[in-house]
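Residue numbering restarts at 1 for every chain, and letters A, B, ... go by the order of the sequence lines.
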Amino acid sequence: KEKIPINKYSLYVPKCGVFPKGFKVGSIASGVKKNGNLDLGIIVNTNTKTPSSASAVFTTNRFKAAPVLQSQRVLQETKGSNINSIVVNSGCANSITGEIGLKDAKSMCDIVNKQLKSDKPSTLVMSTGVIGQKLQMDKIEKGLVEIFENKKILGDDFEHWLNVAKSICTTDTFPKLVTNKFRLSSTGQEYTLTGIAKGAGMICPNMA
Amino acid sequence: TLLGFILTDLQITPRALKKMLSNATMRSFNCISVDGDMSTNDTITMIANGAVETNKPVDIENAQVFNEVQENVTSFAQQLAQLVVRDGEGSTKFVTVKVLNSLNFNDAKTIAETISNSNLVKTALYGEDANWGRILCAIGYSKLNDIKSLKPEKLNVSFVATDGSEPKELKLLINGVPNLDLDEKRASQILALPDLEILVDLGTGSEKCQFWTCDLSHEYVTINGDYRS
């Protein structure tokens with residue numbers, strides 16, 4: 001049977017959104033993706049009044065990629081306190097890359113920590129893309145430095161958030177961005193949740 | 001690969017956040033399937049920065065507030081997880097597999113997951129073929145923890161329309177007996193919908209689980225036959 005293609009982008013991508021206070025996000029095309037699309041994103045917590053909390057769930061696949069192992073290590077070390085950034089690249093999964101992959105995943109965190117002037121581990125890292133290839137760290141490092149140096153790249157408006165959602169896509173046909181405000185019934189306090197995800201194939205997660 | 005992050009300006013203690021994210025993941029990201037494959041990189045991260053001023057952070061001890069936030073985070077995570085399924089490579093349909101009245105949660109989840117991962121169920125959905133036999137087959141080979149969770153004579157299976165049209169539910173199997181008066185025309189109408197539901201009532205208990213899946217198309221093969229190169 002002939003099927004009419006669905007324009008999923010127009011159906012599921014929002015045109016505006018509300019975002020949590022105290023976060024800045026940025027993305028760049030570092031050149032890891034051959035087609036020149038955005039492939040490197042970062043989320044930074046700019047709120048210094050209270051310590052942040054972080055948590056994560058990870059694949060239960062026995063072959064965990066280097067960024068999974070690195071992020072697990074950071075969360076164990078910090079017990080989920082004072083994590084102030086997440087760095088994500090697409091195009092290369094940094095998976096099944098051995099010692100070099102672990103070193104590269106740690107380097108990604110170190111570069112961000114240095115930019116944020118943090119002498120403690122405060123960055124989590126994620127990667128997605130082709131398995132079994134080394135990260136092009138020269139491109140990643142250059143891209144990360146540019147994100148922090150170019151004031152226009154790091155921001156908190158809708159376009160910045162949408163671009164981060166785009167920067168983590170691989171075979172996705174649309175970026176996945178959800179935002180919502182909630183009010184606590186007991187205190188009346190309003191707060192915001194923003195979520196970004198990527199994924200279209202190799203999807204049946206069982207994370208813990 | 002599934003990657004995602006959830007950010008909030010609420011102040012939440014690390015232990016409460018860990019419990020919240022774990023609970024939400026169990027009912028959202030761990031209940032989706034596009035193709036049954038698990039990546040080496042799947043990660044969901046959550047950061048709470050406390051930029052919204054509150055008297056004290058959300059913690060497990062304050063059960064009322066904790067439960068309220070947990071509920072919001074879970075439904076929020078479900079929205080995000082469902083978008084991944086809607087983008088399922090080459091997919092044309094979004095399918096909710098609902099398993100009700102199970103003896104325990106784990107077996108409800110196992111059955112929902114097995115149906116969601118069955119290539120034959122998924123290709124039938126793509127072809128809009130009301131092949132309920134494949135659903136039954138998947139239920140039958142599900143690796144259950146407790147065999148008492150599944151009693152054939154108590155099993156009911158239906159397709160459910162989600163567009164408001166009537167009859168909403170089309171029964172395929174009633175108490176273990178195939179519905180011989182199946183309205184094939186109505187079955188075709190429901191299967192032609194872009195969103196539909198498969199409802200499995202085990203009738204052996206009171207637990208339930210939902211999984212979200214999609215159909216399997218020619219396009220999936222095209223996309224995945226050429227990824228690394």
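For a residue to count as touching a neighbouring chain, one of its non-hydrogen atoms must lie under 4.5 Å from one of that chain's; by this rule K49(A) touches chain B with the side chain only. With a 4.5 angstrom heavy-atom cutoff, V73(B) touches chain A via backbone and side-chain atoms both. For a residue to count as touching a neighbouring chain, one of its non-hydrogen atoms must lie under 4.5 Å from one of that chain's; by this rule T78(A) does not touch chain B. The parts of K198(A) that come within reach of chain B are both its backbone and its side chain, each placing non-hydrogen atoms under 4.5 angstrom from that chain. Residue E219(B): no heavy atom, backbone or side chain, is found under 4.5 Å from chain A. If you measure heavy-atom distances from L83(B) to chain A, the contacts under 4.5 Å come from both the backbone and the side chain. At a 4.5 Å heavy-atom cutoff, the contact between P67(A) and chain B is made by side-chain atoms alone. The contact between L193(A) and chain B is made by backbone and side chain atoms together, counting heavy-atom distances below 4.5 Å. Of the atoms belonging to T43(B), heavy atoms from both backbone and side chain fall under 4.5 Å from chain A. Heavy atoms of T13(B) lying under 4.5 Å from chain A belong exclusively to its backbone. For F58(A), the parts lying under 4.5 angstrom from a heavy atom of chain B are both the backbone and the side chain. Residue contact with chain B, scored on non-hydrogen atoms closer than 4.5 Å, involves the side chain of V164(A) exclusively. Only the side chain of N117(B) comes within contact range of chain A, with heavy atoms under 4.5 Å apart. Both the backbone and the side chain of T60(A) come within less than 4.5 Å of a heavy atom of chain B. Neither the backbone nor the side chain of L75(A) has a heavy atom closer than 4.5 Å to any heavy atom of chain B. For chain B, the nearby part of L124(A) is the side chain; its heavy atoms alone come within less than 4.5 Å. Residue V69(B) touches chain A through both its backbone and its side chain, counting heavy-atom pairs closer than 4.5 Å. For T187(A), no part lies under 4.5 angstrom from a heavy atom of chain B.
The existence of a salt bridge linking D87(B) and K176(A) is confirmed by a sub-4.0 Å separation between a basic side-chain nitrogen and an acidic carboxylate oxygen. We find that D59(B) and R15(B) are joined by a salt bridge, their nearest charged nitrogen and carboxylate oxygen being less than 4.0 Å apart. Using a 4.0 Å cut-off between charged side-chain N and carboxylate O, D39(A) and K34(A) make no salt bridge. Electrostatic pairing of K120(A) and E77(A) does not count as a salt bridge here, judged by no charged N lying under 4.0 Å from a carboxylate O. Salt bridge status for D110(A) with K114(A): absent, with no side-chain N to carboxylate O gap under 4.0 Å.
Using cut-offs of 30° and 60° on the angle between ring planes, the pair F23(A) and W161(A) is perpendicular.
Ranked by heavy-atom pairs under 4.5 Å with chain A, the list I12(B), T92(B), V85(B) is led by T92(B). When the candidates A66(A), A208(A), G129(A) are compared by the number of heavy-atom contacts under 4.5 Å with chain B, G129(A) comes out ahead. Listed options N61(A), N47(A), I203(A) were ranked by heavy-atom pairs under 4.5 angstrom with chain B; first place goes to I203(A). By number of non-hydrogen pairs under 4.5 angstrom with chain B, the leading residue of T194(A), V68(A), T50(A), L177(A) is T194(A). Counting heavy-atom pairs closer than 4.5 Å to chain A, the top-ranked of the candidates D35(B), I6(B), I32(B), V58(B) is D35(B).
When all heavy atoms of T123(A) and S85(A) are compared, the closest pair comes out as OG1-OG, 2.7 Å.
Side-chain atoms of K64(A) and T59(A) include no donor-acceptor pair closer than 3.5 Å. T40(B) and R62(A) are not linked by any side-chain donor-acceptor pair at a separation below 3.5 angstrom, with hydrogens and angles left out of the test. Q189(A) and T54(B) are not linked by any side-chain donor-acceptor pair at a separation below 3.5 angstrom, with hydrogens and angles left out of the test. Looking at K122(B) and T213(B), their side chains do bring a donor and an acceptor atom within 3.5 Å of each other. For the residue pair S188(B) / E128(B), no side-chain donor-acceptor distance below 3.5 Å is found, with atom types taken as modelled. Donor-acceptor pairing under 3.5 Å is recorded for the side chains of S127(A) and N89(A). Checked by atom type, the side-chain pair S30(A)/K139(A) shows no donor-acceptor distance below 3.5 Å.
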